[in-house]
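Below you'll find the structure, written out as structure tokens, and then a few comments.
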Amino acid sequence: MLIVMNHNASQTDIDAITRIVAEMGFRAEPIPGSERTAIGVLGNHGYVDDGKILELPGVQRVIHVSKPYKLVSRDFHPEDTIVDVAGVSVGGKSRPVVVGGPCAVESEEQIVKTALFVKKCGADMLRGGAFKPRTGPHTFQGLREEGLRLLAIAGKASGLPIVTEVMSPDNVGLVAEYADLLQIGARNMQNFDLLREVGRIRKPVLLKRGMSATVEEFLAAAEYILAEGNQQVILCERGIRTFETATRNTLDLSIVPLIKELSHLPIMVDPSHATGKRSLVAPMAKAALVAGADGVLVEVHPEPEKALSDGPQSLTFPGFEKMMNEIGVLTAFLQSI
Ligand code: PEP
Ligand code: MN
């Protein structure tokens, strides 16, 4: 339930409601807005009788939210959330960001070379997996803690914030020491203990859509993180499973404007995992930005043919440079309309 206050409601009115909601056995969370304050009622598992609340001073109306998510919804928080990743703003009217880097950190030379190159081309953040969620156990699983150390070296050399995946609740503390933005991969979108754990830290989280997750399940997963107190969440569409096999996944681009209607959280798009094909990455990155994405995340490798994972979808250095030039022109145009 959401209690919308009159624009001239006083702090005393708000405090009185917070107290009464607590007496009813629920938690009240005031959400200040530019026009008026709303108060979210959390902890109820069914319909809450609003008769008593509607009579209180300062209350304009009550909205009953029947969706499995509240804190992430626009009803609760009409203004766009802007996530600050080590000084880089994502969301709202900020310029769309580009996150570039290899699927996995493979060596110091590979990650530092890539970091310096993507930075030179104008990327805003460096990605690279240290803990890799691989389909089979006999493939490269990532350099783990050593990979995090190499990311720190590359981050320092390039000045770029680091985006890297965390796969287990036990590793959240360790990954958070190195990452500026902690990624939850598609396969872990509904790892609820992991979601709760990243909800308890004070670093931003990039939550990727599960490969068979509906929009409602995706937002409900983000709700777990916000419910623990971490509001700094960026959503990421990375393609979903459909009957189509010509591409690795099917990029659901309509989710971008849809999420903007349903939620205040920023949304980025990963055209690399969505398509699985190098030649399709730049066109779909540009399409994502036209659809209103707050950024794109793409895989880049100095020698994709030698990559230990996801080589076929990784951009070459010249390919990344070309895409960045096109994105520069496109974002200038998009900001002018
Ligand atoms: C990745 O970003 O390297 C990755 C494994 O992505 P996803 O979880 O979307 O498959
Ligand atoms: Mn990958």
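Counting convention: from 1, in listed order, for ligands and their atoms alike.
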Report, in ascending order of atom number, the atoms of ligand 1 lying under 4.0 Å from any heavy atom of [X].
X	value
E299	3 (O)
G185	8 (O)
R187	7 (P), 8 (O), 10 (O)

Heavy-atom nearest option to atom 9 (O) of ligand 1, drawn from H273, R238, Q313: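 Looking at heavy atoms only, the winner is R238.
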Pair H273, E299: side-chain N/O donor-acceptor within cut-off below 3.5 Å: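 Side chains of H273 and E299: pair found under 3.5 Å.
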Check: T247/N249 side-chain N/O donor and acceptor closer than 3.5 Å: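 No, no side-chain donor-acceptor pair sits under 3.5 Å.
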Short N/O distance, under 3.5 Å, between [X] and ligand 1?
X	result
E165	no
D270	no
K208	yes

With sequence neighbours excluded, residues passing salt bridge (Lys or Arg N to Asp or Glu O under 4.0 Å) with K260: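 K260 satisfies salt bridge (Lys or Arg N to Asp or Glu O under 4.0 Å) with D294 once adjacent residues are dropped.
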Contact with ligand 1 for R127, non-hydrogen, under 4.0 angstrom: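 Yes, that is the case, since the closest heavy atom of the residue is under 4.0 Å from the ligand.
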Whether Q183 lies under 4.0 Å from ligand 1, heavy atom: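 For ligand 1, residue contact (heavy atoms, under 4.0 Å) with Q183 is present.
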Taking C-beta and beyond as the side chain, do [X] and [Y] meet within less than 4.5 Å on heavy atoms?
X	Y	value
M324	V118	no
R36	N6	no
E106	K306	no

Distance from atom 8 (O) of ligand 1 to nearest protein heavy atom, with residue and atom: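 Looking only at protein heavy atoms, the one closest to atom 8 (O) of ligand 1 is A186 N, 2.7 Å.
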Going from [atom1] on [X] to [atom2] on [Y], what distance comes out if it is rounded to the nearest 0.5 angstrom?
X	Y	atom1	atom2	value
I53	M24	CD1	CE	4.0 Å
L195	N188	CG	CG	8.0 Å
L308	R134	CG	CZ	8.5 Å

Sequence neighbours excluded - side-chain hydrogen bond (donor to acceptor under 3.5 Å, both in side chains) pairs with any residue from residues 138-150: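 Applying side-chain hydrogen bond (donor to acceptor under 3.5 Å, both in side chains) to every pair that reaches into residues 138-150, excluding sequence neighbours, yields E146-R149.
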Protein N/O/S count near the Mn ion (ligand 2) (criterion: distance under 2.8 Å):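 The number of such protein atoms is 4.
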Pairs touching residues 286-337 that satisfy ring-ring contact (aromatic ring centres under 6.0 Å, His included), sequence neighbours left out: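 Only F117-F317 qualify under ring-ring contact (aromatic ring centres under 6.0 Å, His included).
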